[in-house]
Amino acid sequence: MKVMAQMAMVMNLDKCIGCHTCSVTCKQAWTNRSGTEYIWFNNVETRPGLGYPRTYEDQEKWKGGWELDKRGRMKLKAGGRLKNLMTIFSNPVLPSIGEYYEPWTYDYSTLTDAPAQEQTPVARPKSLISGKNMKIEWSANWDDDLGGSMATAHRDPMLKKIADKVKFEFEQTFMFYLPRICEHCLNPSCAASCPSGAIYKREEDGIVLVDQEKCRGWRKCVSGCPYKKIYFNHRTGKAEKCTFCFPRIEVGLPTVCAETCVGRLRYIGLMLYDADKVLAAASTTDDEGLVEAQRDVFLDPFDPEVMREAERAGIARDWVDAAQRSPIYALINTFRVALPLHPEYRTMPMVWYIPPLSPVVDVVAETGEDAEDTGNLFAAIDALRIPVEYLAELFTAGDVGPVDAVLKKLAAMRCYMRDINMGRDPDASIPAAVEMTEEQMYDMYRLLAIAKYDERYVIPPAHAELAHSLEELSTECSVSDYGGGQQDVFGEGSGTPTPVAVENFQMLQARQTSDSLAGPVNKAGRVNLLNWDGKGSPPGMFPPTGSDS
Amino acid sequence: MSVFFFVIFPYVCLTTFVVGHLWRYRYDKFGWTTRSSQLYENRLLRIGSPLFHFGMLGVVGGHIIGLLVPESWTEAVGISEHGYHVVAVAGGLVAGLAALVGMVILIYRRRTVGPVFSATTVMDKVMYAFLAVVIVLGMWNTIAGSILTIGGEYNYREGVSVWYRSFLAFQPDASLMARAPLGFQLHALVAFGLFALWPFTRLVHVFSAPVGYLTRPYIVYRSRDDDQLGSHRDRRGWDRVS
């Protein structure tokens, strides 16, 4: 047994209202730079829909992820190592910018510059790729809320799989939202596809990162990832991906997408897993067995032997403690309501989802029946094959059994809690129908419905106490207070000099020689009492002293 | 004059080549990339890029054999001069033509496809000019020198190759090069110019050819760098409390 820790996320899709706040805050934090205009580390898709990039789930076309060869061994779907290198000069399965969308801005200046004219001037869209005028035809969420789905949704690869039973008619449709980030897989095919070995999985918390200094821009990871969650920065020529906000995670804060989630539908916590069992689990012959195989890879953090092995593997006591309190472990292995996205890609993804019950509830409500009655809901789950089969294509490689089970648990929780909320006697037969006790049902309700911030995000900081004593900035004891450092430099430039490297040389020089921050000519830009850090005496703040005049 | 062109200038270029790469690797690992433009355009690239790159691999291989293996060695194993040249010219023609056609497609693409053109730097353009001249001169030497024999037959393995080996051994013999046809002289000079530019262009990606991929494990695990927690390294004389 080789115990490793993995930071993981679960999203409760019933709560997602598709507001895209996670996408926007993530973009503000990480991809608001030149070259990353089209990149969304976090995006929210309306399903059924094509996704972003378009039809990324069609692995017969894009060749992402793993497959089993004839002898049952793991093999990259795009081909072996030699084939991978031979196609390095032109990647045959790289999505073009059109499959994502051509990013644009607007020519806003014409709104103010245009001469007096009969027609109102308009700001025309300009491509951020070519700089030319362009016609906007697609974006990261073009089919949001099923907009335009009459024309496009039949191309949804997941819908195609059940298409013989579905005629996509708008009035009969159902929809839900699917927020997606990098899966931080246990068996990442992006890392396996990288010719330079620049993509690595961190031993401490399993976060998958791209080493920007080792990446050489071969673009193999972009096509290797079946979720298409690695992007090519077309300005720097390097691959970039969701970082699970590791600088925040390291100090015990949730990711930006989770922190800003309006519906509070995201849970973050630690999972302990047995690294020795990953390959065997990912090689499960039967696609439908992959979910259960992955559940078996996870270790019970309460098991004394696991705790002992974790200690031997160098996992700190507070981390094991966090793994025990992990909402992820509860949702995946205890309550068994979370399911992985596309286990059939065999990458062992670590962002799991609680499938939405709402498509079923909506249908029942429309019939005028009681949509919170166990009998009605159970019957609807059994009868409404289209939503259930579609969810199964997403979360269980097409096996409707586990999706049925999860939906029935959610339905049972709804009915059971209604009785309690209405002041009636709780009906113990409802939890029993889904093989749960009343206590478990209530615990699950607490976690899904009212869990507070520190219950949803159980994130042990990474050696924070050590980093604190090392980090110059956080010593709270500036050298310049005791006569060292540069006395006349204040604010950001105070303290001992930062080591100069080619990456920060220009920035440091500009900061230390610029007069615009410390003493600009115009009064408005000067340091004032509010942003003065108490060091030095910025010009204009105090009246001239006697010696100066 | 020949000492300047075939001794001093090549050594200056070679030094720039070596030192430039060391400097770039030390200070600009972030800029060390292919700067691929496949995201913008794929139709032309799909034909042009493999043609050019595989052609160039053949060309480089041919140069290594032609320049570094002395004629006496191939004769010792019983390969006649004529036999060698037939193989060399045939291989050189195929590889060179592939590289040339590929390069024409790629330059056409770079000029005509808007996004690709706007992502082209000045350094790219200078590099393309040198690269194109070197390849055209090389093709000219192969066709004119070995097939059409314009200006008489010239066995580069007794002239240019010997000079090149003497150059690498730091005992350069400029007279060997001075007697070579103009086409060979120019080819060598422009090539050395290209070598001097090399570390400052995207050509550095040649030295990142990922051959290690064939043997390394699929998944790379890395621990957080223990030498560096936070943004600074520990200063000398300070021990971490553990």
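Quick note on labels: first sequence line is chain A, next is B, and so on, each numbered from 1.
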query = Which atom names give the shortest non-hydrogen contact between A:G237 and B:T33, and what distance separates them?
reply = O-OG1, 2.8 Å
key: Part of A:Y38 within contact of chain B (heavy atom distance under 4.5 Å)   = side chain
ask   = Shortest non-hydrogen contact from B:N42 to A:S90?
value = OD1-OG, 4.1 Å
key: Value rounded to 0.5 Å, distance of CZ in B:F54 from CZ in A:F89   = 5.0 Å
task = Check A:A191 against B:R216 and note the closest heavy-atom contact, atom names and distance.
result = O-NH2, 2.7 Å
query = Just by distance, do the side chain of B:Q38 and the backbone of A:N91 share a donor-acceptor pair under 3.5 Å?
reply = yes
ask   = Are the side chain of A:K238 and the backbone N or O of B:F30 linked by a donor-acceptor pair below 3.5 Å?
value = yes
query = Does B:S118 use its side chain to pair, donor to acceptor, with the backbone of A:S130 at less than 3.5 Å?
reply = no
remark   = dist B:L214:CG -> A:L85:CG (nearest 0.5 Å) comes out at 5.0 Å
ask   = Out of curiosity, B:W32 CH2 to A:S196 OG, how far, rounded to the nearest 0.5 Å?
value = 12.0 Å
inquiry  = Would you compute the distance between atom CG of B:L45 and atom CG of A:L94 and round it to the nearest 0.5 angstrom?
reply    = 9.5 Å
key: Close side-chain approach of B:S36 to A:W218, heavy-atom, < 4.5 Å   = no
note = Scanning both residues in full, the closest heavy-atom pair of A:I88 with B:P210 reads CD1-CG, 3.6 Å
ask   = Within a strict 4.5 Å, meaning less than it, do heavy atoms of the A:M74 and B:Y218 side chains meet?
value = no
request  = Would you check if the side chain of B:T34 reaches a backbone N or O of A:G217 as a donor-acceptor pair within less than 3.5 Å?
outcome  = yes
remark   = Per-residue tally against chain B (heavy atom, under 4.5 Å) across A:E102, A:E203, A:R216, A:K132 peaks at A:R216
Engaged part of B:Y25 at the chain A interface, taking heavy atoms whose separation is under 4.5 Å = side chain
message = Working to the nearest 0.5 angstrom, can you tell me the gap between B:R222 CZ and A:K214 NZ?
response = 5.5 Å
request  = Can you tell which part of A:P247 gets under 4.5 Å to a heavy atom of chain B, answering side chain, backbone, both or neither?
outcome  = neither
request  = Please round to the nearest 0.5 Å and tell me the distance separating atom CD1 of B:I219 and atom CG of A:L186.
outcome  = 10.0 Å
inquiry  = Heavy-atom cut-off 4.5 Å, strictly under: side chain, backbone, both or neither for A:N233 against chain B?
reply    = neither
inquiry  = Does atom NZ (A:K61) have a neighbourhood of more than 12 heavy atoms from anything else shown, all under 6.0 Å?
reply    = yes
key: Residue part contacting chain B, namely of A:C190, when any heavy atom lies under 4.5 Å   = neither
query = Of the listed residues (A:R202, A:R219, A:Q212), which shares the most heavy-atom pairs with chain B below a 4.5 Å separation?
reply = A:R219
inquiry  = Looking at A:Y200 and B:S223, would you say the former's side chain and the latter's main chain have a donor-acceptor pair under 3.5 Å?
reply    = no
remark   = Minimal heavy-atom distance between A:H234 and B:Y40, with the atoms involved, is ND1-OH, 2.6 Å
query = A:P95, A:C194, A:C215, A:P92: which one forms the most heavy-atom pairs within less than 4.5 Å of chain B?
reply = A:C194
key: Min side-chain heavy-atom separation B:Y221-A:M4 under 4.5 Å   = yes
query = Of all of B:R46, B:R35, B:R202, which one pairs up most often with chain A through heavy atoms under 4.5 Å apart?
reply = B:R46
